[in-house]
Amino acid sequence: MLFAEHRGRSMFELTGKTAVITGASRGIGKGIALKFAELGANIAFLHFNDGEKAEETVAELSAKGVKVKAYECNVADLAAAQKTVEDIITEFGEVHILVNNAGIVRDKLILAMTEADFDAVISVNLKGAFNMTKCLYQHFMKKRRGRIINISSIVGINGNAGQANYASAKAGMIALTKSVAKELGSRNVTANAIAPGFIKTDMTDAMPEKAREAALNAIPLKRPGMVEDIANTAAFLASDEASYITGEVIKVDGGMAI
Ligand code: NAI
């Protein structure tokens with residue numbers, strides 16, 4: 001009771017849970033980590049080549065009074081992911097929640113898109129999610145509980161010119177989510193995807209001005225999403241209140257993909 005009061009007014013409670021979040025040194029992943037930590041979860045997060053921001057994030061998360069550790073790990077590398085997951089289980093014990101959020105873009109029209117552009121985006125966004133799921137699969141099976149939350153995108157539903165690699169990876173993540181939901185449902189493990197629209201982060205700040213304006217104009221709610229919008233949905237999917245939801249894709253996009 002004391003904890004619930006201490007944690008504030010949120011209806012969700014993650015005290016005593018451990019969440020593994022990929023790509024949480026900044027952006028959406030960091031927003032999810034902060035929200036989960038506010039709700040009482042211990043956080044093990046992965047980043048790639050982002051040590052300085054990861055340290056800042058560790059400090060911010062630790063200030064919330066939970067256990068936190070950052071791991072530098074390329075999710076596209078299965079052996080590295082395996083080693084990191086083993087280290088996390090040694091350090092934290094049971095893992096309850098996996099959020100596959102790490103992602104990159106290499107936007108170009110197909111005419112200009114190289115094989116390397118295509119492979120890099122598929123490897124990090126799609127294979128990375130597969131790798132992390134594979135590494136925690138038996139752990140979740142044995143514990144007979146687990147939550148997997150995959151950060152896809154509305155372009156994985158609708159496609160997007162200039163993003164054939166990224167949209168394909170994000171569509172693949174939706175199929176991965178539904179497959180995992182079917183494979184692990186009998187073990188009380190749920191898998192769901194969030195499809196964000198246009199969210200204000202380093203990734204979208206780096207877009208050309210014209211593309212940013214066009215994206216904003218296409219949003220019925222007439223504002224970009226904030227990382228908190230995605231974090232709140234992730235918190236719901238990780239909570240006990242969402243225990244009967246699996247294989248679902250929730251768009252959080254201000255109506256952009258209606
Ligand atoms: P960001 O670029 O701000 O952060 C990306 C994070 O992923 C960083 O922590 C980085 O260290 C990590 N990362 C990158 N490559 C990695 C690798 N190989 N191994 C491990 N970690 C790696 O990105 P943002 O905007 O926060 O996006 C997060 C996720 O949300 C991505 O999957 C992105 O595709 C998705 N998304 C973002 C949208 C947006 O509007 N910002 C919209 C729809 C989806």
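Atoms within each ligand, like the ligands themselves, are counted from 1 in listed order.
- Sorted by first and then second residue, the side-chain hydrogen bond (donor to acceptor under 3.5 Å, both in side chains) pairs involving residues 85-95 (not counting sequence neighbours) are Lys67-Glu91, Gln82-Glu86, Lys83-Asp87, Glu94-Arg145.
- Under 4.0 Å from any atom of ligand 1, one finds heavy atoms of residues Gly23, Ala24, Ser25, Arg26, Gly27, Ile28, His47, Phe48, Asp50, Cys73, Asn74, Val75, Asn101, Ala102, Gly103, Ile104, Val124, Ile151, Ser152, Ser153, Tyr166, Lys170, Pro196, Gly197, Phe198, Ile199, Thr201, Asp202, Met203, Thr204.
- When only modelled atom types and interatomic distance are considered, Thr177 and Asn150 share a side-chain donor-acceptor pair under 3.5 Å.
- Judged by distance alone, the side chain of Asn101 and the main-chain N or O of Thr22 form a donor-acceptor pair under 3.5 Å.
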With side-chain contact (heavy atoms from CB on, under 4.5 Å) as the criterion, how do Lys30 and Glu60 come out once you've worked through the C-alpha distance, each side chain's angles and the decisive distance to 0.1 Å?
CA-CA 10 Å; Lys30 179 177 178 177; Glu60 284 178 55; 2.9 Å; yes
For residues 152-160, tabulate all N or O donor-acceptor pairs below 3.5 Å that involve a side-chain atom, not counting sequence neighbours.
{"residue": "Ser152", "atom": "OG", "partner": "Lys170", "partner atom": "O", "Å": "2.9"}
{"residue": "Ser153", "atom": "OG", "partner": "Val155", "partner atom": "N", "Å": "3.1"}
{"residue": "Asn160", "atom": "ND2", "partner": "Gln163", "partner atom": "OE1", "Å": "2.9"}

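- Evaluation of the salt bridge (Lys or Arg N to Asp or Glu O under 4.0 Å) rule for Asp117 yields Lys108 as partners, not counting sequence neighbours.
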